[in-house]
Amino acid sequence: MNYKIVADSSIDILEMSVPAFQSVPLKIITSQKEYVDDASLDVGGMVADLLLYKGKSSTACPGVGDWLGAFDDATYVFCITISGNLSGSYNAAMLAKHDYEEQFPGRRVYVVDSLSTGPEMRLIAEKIAELAEKDTDFDEICKQIEQYQKRTHLLFMLESLKNLANNGRVNAAVAKVIGLLGIRMVGKASDVGTLQPLDKCRGEQNALKAIIKHLTELGYNGGKLCIAHCLNEAAALQLKAQLLKQFLHAKIEIYKTGGLCSFYAEKGGMLIGFEA
Ligand code: X90
């Protein structure tokens, strides 16, 4: 099957074990610099710059042309976006799909609104790759992904919600409470793809406890789990170790957030995507 998986760069990975994968960059923009979230971005350097920077900053999603470029000449495209409720990425991808299918009859694009971001997008991409490698038919893959999305979730832990609040992605009052008292916010991606606060925790240990409680409540039972962190490998390793005590054979991956998720999750932030 001539297929390709494309995802916007909020997926946090630049490569997959399958060759037909491409990440389409979002941009992080300050008055001093524009950071393109691709393989050439020094994410650590960007996070360091941003910690010192006091001015306005924002982000920009891929445009229709960027998506079309990534579809390239694949017959079957699976396109995964960050939640359409947080970004224009999904809308642009849908417009690109319509253009592409009209221009090349016979080619098909399935756009998946992840209603989430980061590690949950990665799980979806890996599931698509798994099905495509088995030569599953295009429509069947679409159907199975729709089902799969019902049992994947995203939890997150944030130390600061400054960039989310400044860009209108969360309520400013919520953001203030977290920033002031050194409190961690634990939340989840809601059913409609927005940030849903669950707990305000004092200290990281309490936040980790809350995460484990929510994981179990959401039905985690030792399946695949991906942790993306922004300069907080220690917390990710702790979470992994605690989970492995309870779920001996859990498949847990730890890696760094890319540019877009680092900008919004900020230093210390952690995103957890998992199968229930
Ligand atoms: O279009 C754009 O400029 C991109 C806007 C993205 C805004 C939100 C990114 C959030 C990244 C923060 C915690 C996870 C929240 C997930 C909720 C669905 C990471």
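Quick note: numbers below take in every heavy atom, side chains included, and nothing from hydrogens, waters or symmetry partners. These figures come from a predicted structure and were not determined experimentally. First listed ligand is number 1; within each ligand, the first listed atom is number 1. Residue indices begin at 1 and follow the sequence shown.
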Side chain to side chain donor-acceptor pair (under 3.5 Å) involving D66 - partner list, sequence neighbours excluded: none
Positive for salt bridge (Lys or Arg N to Asp or Glu O under 4.0 Å) with E159, one of K267, K200, R184: R184
Apply side chain to side chain contact (heavy atoms under 4.5 Å, CB included) to residues V6 and K4 and explain how you reach the verdict. CA-CA 6 Å; V6 294; K4 185 167 182 183; 4.0 Å; yes
Using the benzene-type ring in the case of Trp, are the ring centres of F263 and Y35 under 6.0 Å apart? no
Do other residues, nucleotides or ligands put more than 12 heavy atoms under 6.0 Å from K27 NZ? no
N/O contact list for ligand 1, threshold under 3.5 Å:
unit_1, atom_1, unit_2, atom_2, d
ligand 1, 1 (O), S87, OG, 2.7
ligand 1, 3 (O), T59, O, 3.2
ligand 1, 3 (O), T59, OG1, 2.5

Can you confirm whether the side chains of Q246 and Q242 place a donor and an acceptor under 3.5 Å from each other? no
